[in-house]
Every structure is written in structure tokens, then in C-alpha cells.
K.L.:
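Just passing along the structure, written as C-alpha cells.
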Amino acid sequence: MEDTTNLHHRRQNDIPVKINQRTDNCTNVRTPSNKDGRFSWQNCLWILAAGLALYASDFYSTVMYDTRINRSWFNFGMLLIGVNISIAVYLIVFLSWFKQLSADAWEQKHPFAVPVATLAFVTGAFCCMLGLWPVWGLTTPVLLFVITMGAVVVIAMVP
């Protein structure tokens with residue numbers, strides 16, 4: 001019986017492969033452009049939408065002073081989001097910038113950091129949504145999603 005690794009190797013060499021060859025009859029080939037960078041129109045729209053959502057909802061003063069907010073849910077959610085941000089700062093700032101470790105090394109050194117941060121963020125967002133539900137009702141998930149996307153885009157635009 002023939003060795004399967006040799007057979008696989010022979011089959012791969014028998015198949016003609018054309019990679020990155022352009023033919024004249026390919027007119028619908030999309031090439032990546034340099035316009036899709038940090039300052040793309042999608043990013044600007046997310047920032048604009050988040051700013052409008054913050055302004056229209058009077059988010060800061062509502063979160064700080066409104067008595068309709070269920071403070072136990074909201075505070076627990078903010079605590080979990082703080083855990084998420086703390087893990088992200090540890091991984092990105094401390095391990096990447098100061099210790100000069102790559103993202104692959106994070107996974108080897110701290111295999112549960114990213115899953116714990118993800119769980120903390122999802123649970124924290126849900127708890128914040130429950131805490132803010134009495135104020136904005138059905139628009140609470142949309143409002144929090146738009147504000148979160150705006151924050152993510154602003155953080156991603158920082159060099």
C-alpha cells in the first residue's frame with residue numbers, strides 16, 4: 001500500500017495552480033483600495049451617529065441623575081465593562097507595548113483572558129441595558145449599540 005503523504009504530495013504537484021494571475025476577461029475583479037482606512041466614511045458615520053445619540057438622549061445627565069434607572073443592574077453592568085476594559089488595557093498596553101509580546105503570545109501566556117473579557121463585556125452590556133430600560137424602553141438596545149460602535153471606532157482610529 002502506498003504512503004498517503006506521498007500520494008497527497010503527488011496529487012498537489014499534478015494540479016496546475018494559477019495564483020494571482022490576471023486575465024483580460026476578468027472585468028469584475030475588485031482590488032482593495034487605500035481609501036478604506038481609519039478615516040473612511042463608515043467610521044465617520046458611526047462617530048456622527050454616536051454623537052447624535054448622546055446629544056438627543058442627553059445620555060450623560062440621564063445616566064448620572066435620572067431616578068428611573070435601576071442602579072443595581074446598571075452598576076453591576078458598568079463593573080463588568082470595567083473588568084473588560086482592564087483586561088484589554090493589560091493585554092494591549094502592558095503586554096504589547098511594555099513587554100513586547102505579540103497577540104499569539106497572549107494566548108499562550110493567558111489563555112482565558114480573551115474569553116473572560118468577552119463574557120464580561122456581553123454580560124455587562126446586557127446588565128446595563130436592563131438598568132437603562134425604564135428610561136428609554138425599546139430604544140435602549142439601539143441606543144447602546146450605536147454609542148458602543150462610536151466608541152469602538154474612535155478607539156480604533158487612535159494610532
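Because the structure is predicted, anything quoted here is derived from the model rather than measured. Nothing fancy with the numbering, it's 1 onward along the sequence.
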K.L.:
Kindly determine whether L132 and F74 satisfy side chain to side chain contact (heavy atoms under 4.5 Å, CB included), including the steps that lead there.
P.N.:
CA-CA 7 Å; L132 295 173; F74 182 74; 3.9 Å; yes
K.L.:
Who pairs with F126 by ring pair (Phe, Tyr, Trp, His ring centres under 6.0 Å), at least two apart in sequence or on another chain?
P.N.:
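Ring pair (Phe, Tyr, Trp, His ring centres under 6.0 Å) check on F126 returns nothing, list empty.
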K.L.:
Look up atom SG in C44 and atom CE in M157, then write down how far apart they are to the nearest 0.5 Å.
P.N.:
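Going from the SG atom of C44 to the CE atom of M157 covers 5.5 Å.
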K.L.:
List the residues meeting side chain to side chain donor-acceptor pair (under 3.5 Å) with T123, not counting sequence neighbours, and say none if there are none.
P.N.:
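Testing T123 for side chain to side chain donor-acceptor pair (under 3.5 Å), a comparison that skips the adjacent residues, returns none.
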K.L.:
If you compare all heavy atoms of R71 against all heavy atoms of M64, which two are closest, and at what distance to 0.1 Å?
P.N.:
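Scanning both residues completely, I find the closest heavy atoms to be NH2-O, 3.5 Å.
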K.L.:
To check you understand the geometry: which heavy-atom pair defines the closest contact between G77 and C127, and what is its length?
P.N.:
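In terms of heavy atoms, the two residues are closest at CA-CB, 3.6 Å.
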K.L.:
Between A125 and I81, what is the shortest heavy-atom contact and its length?
P.N.:
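It is N-CD1, 4.1 Å.
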K.L.:
Using the side chain to side chain contact (heavy atoms under 4.5 Å, CB included) rule, take V135 and V63 through it: C-alpha gap first, then chi angles, then the decisive distance, then the call.
P.N.:
CA-CA 9 Å; V135 179; V63 165; over 6 Å; no
K.L.:
Any donor-acceptor pair under 3.5 Å linking the side chain of T140 with the backbone of G137?
P.N.:
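Side chain of T140 to backbone of G137: a pair is present.
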K.L.:
Please check if F98 and I92 belong to a single hydrophobic cluster, counting links between Ile, Leu, Val, Met, Phe, Trp and Tyr side chain heavy atoms closer than 4.5 Å.
P.N.:
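They do share one cluster, since a chain of ILVMFWY contacts under 4.5 Å joins F98 to I92.
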K.L.:
So, taking the atom named CD1 in I47 and the one named CZ in F39, what distance separates them when rounded to the nearest 0.5 Å?
P.N.:
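Taking CD1 in I47 and CZ in F39, the distance rounds to 8.0 Å.
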K.L.:
Are W136 and L144 packed together at the side-chain level, in the sense that at least one heavy-atom pair is separated by less than 4.5 angstrom?
P.N.:
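Result no, sub-4.5 Å side-chain heavy-atom pair not found.
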K.L.:
Using the rule that two of Ile, Leu, Val, Met, Phe, Trp, Tyr join whenever any of their side-chain heavy atoms come within less than 4.5 Å, decide whether L143 and Y65 are in one cluster.
P.N.:
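No, it is not one cluster - the side chains of L143 and Y65 are not joined through contacts under 4.5 Å.
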K.L.:
Does I147 belong to the same Ile/Leu/Val/Met/Phe/Trp/Tyr cluster as V142, with side-chain heavy atoms less than 4.5 Å apart forming each link?
P.N.:
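No, I147 does not connect to V142 through the hydrophobic network.
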K.L.:
Which distance, rounded to the nearest 0.5 Å, do you find between the OH of Y90 and the NE2 of H110?
P.N.:
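Answer for the OH-NE2 pair, Y90 versus H110, is 3.0 Å.
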K.L.:
If hydrophobic clusters are built from ILVMFWY residues whose side chains come within less than 4.5 Å, do V89 and V83 share one?
P.N.:
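Yes; V83 is reachable from V89 via cluster members.
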K.L.:
How many angstroms lie between CE in M129 and CG in N70, if you round to the nearest 0.5 Å?
P.N.:
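Spacing of CE (M129) from CG (N70) equals 13.5 Å.
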K.L.:
I'd like to check the ring pair (Phe, Tyr, Trp, His ring centres under 6.0 Å) partners of W46; sequence neighbours left out, ordered by chain and number.
P.N.:
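Residues passing ring pair (Phe, Tyr, Trp, His ring centres under 6.0 Å) with W46: F145.
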K.L.:
Do N84 and S86 get their side chains close enough for a donor-acceptor pair, meaning under 3.5 Å?
P.N.:
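Checked: N84/S86 side chains show no N/O donor-acceptor pair below 3.5 Å.
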K.L.:
Report the residues that fulfil ring pair (Phe, Tyr, Trp, His ring centres under 6.0 Å) with W133, sequence neighbours left out, ordered by chain and then residue number.
P.N.:
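With sequence neighbours excluded, W133 shows a ring pair (Phe, Tyr, Trp, His ring centres under 6.0 Å) to no residue whatsoever.
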K.L.:
Taking all heavy atoms of I87 and all of A113, pick out the closest pair and write down the distance.
P.N.:
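That would be CG2-O, 3.6 Å.
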K.L.:
Kindly write out the residues that satisfy ring pair (Phe, Tyr, Trp, His ring centres under 6.0 Å) with F121, not counting sequence neighbours, or none if the list is empty.
P.N.:
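Not a single residue meets the ring pair (Phe, Tyr, Trp, His ring centres under 6.0 Å) criterion with F121.
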K.L.:
W106 and S96: side chain to side chain contact (heavy atoms under 4.5 Å, CB included), yes or no, with the steps?
P.N.:
CA-CA 9 Å; W106 300 350; S96 292; 3.0 Å; yes
K.L.:
Is the number of heavy atoms from other residues, nucleotides or ligands under 6.0 Å of F59 CZ greater than 12?
P.N.:
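Yes, enclosed.
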K.L.:
When rounded to the nearest 0.5 angstrom, what is the spacing between CZ in F112 and OG1 in T118?
P.N.:
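The OG1 atom of T118 is 13.5 Å from CZ of F112, to the nearest 0.5 Å.
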K.L.:
G150 and A50: which non-hydrogen atoms are nearest, and at how many Å?
P.N.:
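Minimum heavy-atom separation between G150 and A50: CA-CB, 3.7 Å.
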K.L.:
Verify the cluster assignment for L119 and V114: are they in a single hydrophobic cluster under the rule of side-chain heavy atoms below 4.5 Å apart?
P.N.:
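No.
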K.L.:
Would you compute the distance between atom CG of L45 and atom CE of M149 and round it to the nearest 0.5 angstrom?
P.N.:
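Going from CG on L45 over to CE on M149, the span is 11.5 Å.
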K.L.:
Go through the structure and list residues passing side chain to side chain donor-acceptor pair (under 3.5 Å) with S61, not counting sequence neighbours.
P.N.:
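Here the qualifying residues are D58.
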